[in-house]
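What follows is a short report on a single structure.
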Amino acid sequence: MSTPALQPARGTHDLIGDEFRRHQQVIDAARHIASLYGFEEWATPVFEDTRVFSRSLGDTSDVVTKEMYTFTDRGGESVTLRPENTAGVCRALVSNGLTQSNLPRKVFYAGPMFRYERPQKGRYRQFHQIGIEVLGAAEPLADAEVIACGWHIQQELGISEGTVLEVNTLGDRPSREAYRAALVEYFTAHKDRLSEDSRMRLEKNPLRILDSKDRNDQALMAGAPTIHQYLTPEAAAFYDGLRRHLDAFKVPYRENPRIVRGLDYYNHTAFEFVTDRLGAQGTVMGGGRYDGLVEQMGGPNTPSVGWAAGVERLSLLLEAAGLTPAAPRAVAVIPVGEAAEAAAISLLQLLRGAGLVAEMAYRGNLKRRMERANRIKAAAALILGDDELAKGVVVVRNLDDGTQAEVPLDGVIAALAETEVDGAMEATLAAQMEGELEAMMEAEDEAPPPPRKRR
RNA sequence: GCGGCCUUAGCUCAGGUGGUAGAGCGCCAGGUUGUGGUCUUGGAUGUCACGGGUUCGAGUCCCGUAGGUCGCCCCA
């Protein structure tokens, strides 16, 4: 090594091995559950015209003012790597002329997002989000279903323990303006006791004081007015509807009048799934209602609701819960001598054709190939040499218990199924059982299924 | 953007008060030229993150930079 090794760019990370499998597990589970709720998957561009974000996220939010990867391309256009995907989905709805029919539209997405932030565990500059959006539904039932879907995904992953759902309402515009005025009045009266940060927030975004982590601020909050006293009858009815439907979905929640949303486009419902297991990155899934966003993209009034979740954070929870998916175990085909190689390749393809993970080393004697089979944690070794070739058999060795037997070439698949080696065949059996389990659970009237164990 | 802590072999980490590097695991080879995982013998590891400074001498002390990490801000 004479040249210095290159590091990944700050705040980026490679997904390899266990980490990749956890990441994929999160996305697979979310995609599957979302599809059960009737969501279709969209993929929108990773970069957009900068105005897609500057128009939607609000000029004051930190995301827009200092965290966006914005640059001018060779044609002189200002483009931005998406810091989140809700704006892009709304823009796509409008650009594709989907605002006039087939509403509501239910969209699932998964992909990388980019924010120029100080990296920490569970927080990266290129990170990944999954999310769902219901576009064109004004009913609180939509909000409740969106939340139920998110909860269901966490249950499916087996990571719902230690996580609580906190809900709040931000009201409609009149509610929020009245509340905002009342808050400013209250905190201005106690300005001398506010933290320095919160005094800034009092000017910029007084609602944000509500989720300050400062001790003194929190003490002061005990006496602060809550939004509930300022809700219009319509906003109060909406919030009642949300809670009623959450009960019907049997999703447990806690009301937290201090939940606010970071981005400016939210109204009515605001919620977060918060865990106590990830330090300062406690929010694992967050979302709410954004009735005005599609209009800001140049479309008609299209009330909508959705959430986004950080794949890295969900993946950390999987790891902490000991639910890292195991790599599939292969069957190692081992030819002995050059004459057996062609027959071994035929066997290799036969196994793959039957849906088994099969591997054959590119070189090496029997000992080497056995070592390699062991290293890749193969479940079984199939040894094929001149002796076997002459007899029309293959040696099937179970690498877990060391037993082996000669099996006729055409009976290999059946023999592997019978030996009940971990992984390989067991995986297909497990998949079948899982299908039956799901059918059973659908028959039950309890909506949230119990958390599933490692598969 | 602000503050604390950290950075020594592929990995996890030792290296009082400055005297030019070590363990375990892993890796490679042999004991076993058609049998791995166990056992055993031997072997190779390294610009001590990077750049400066102090010193006869720096992994060790000082300054700067980069990366990681924890917290704040913000957010998923």
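The chains referred to below are lettered A, B, ... by the order of the sequence lines, with proteins before strands, and numbering in each begins at 1.
Atom CG in A/Leu278 sits about 15 Å away from atom C1' in B/rU69, given to the nearest Å. Taking atom CG on A/Asp197 and atom P on B/rC74, their separation rounds to 6 Å, with Å as the unit. Rounded to whole angstrom, the span from the CD atom of A/Glu67 across to the C1' atom of B/rC73 amounts to 9 Å.
Not a single donor-acceptor contact under 3.5 angstrom links the side-chain atoms of A/Glu371 to the base of B/rU35. The base of B/rG34 lies close enough to the side chain of A/Glu388 for a donor and an acceptor atom to sit less than 3.5 Å apart. Scanning atom types as modelled, one donor and one acceptor separated by under 3.5 angstrom connect the side chain of A/Arg397 and the base of B/rG36.
A salt bridge links A/Arg91 with A/Glu48: the distance from a Lys NZ or Arg NE/NH1/NH2 to an Asp or Glu carboxylate oxygen falls below 4.0 Å. Salt bridge annotation for A/Glu177-A/Arg173: present, with a cationic side-chain nitrogen under 4.0 angstrom from a carboxylate oxygen. Of the charged side-chain nitrogens involved, at least one lies within less than 4.0 Å of a carboxylate oxygen, so that A/Asp291 and A/Arg289 count as a salt-bridged pair.
A cation-pi arrangement, defined by a distance under 6.0 Å to the six-membered ring centre and an angle within 45 degrees of its axis, is present between A/Arg243 and A/Tyr239.
Listed nucleotides: B/rC2, B/rG34, B/rG71. Nearest to the side chain of A/Arg118: B/rC2.
Annotation: A/Arg51, atom CZ; neighbour count of heavy atoms from other residues, nucleotides and ligands within 6.0 Å does not exceed 12.
In this structure, A/Arg313 reaches the bases: a heavy-atom distance under 4.0 Å links it to at least one base atom across the strands shown.
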Note to self: Give the dot-bracket line for RNA chain B from 5' end to 3' end: parentheses for intra-strand Watson-Crick or G-U pairs under 3.5 Å, square brackets for crossings, | for inter-strand pairing, dots for unpaired.
What the structure shows: (((((((..((((.....[..)))).(((((.......))))).....(((((..]....))))))))))))....
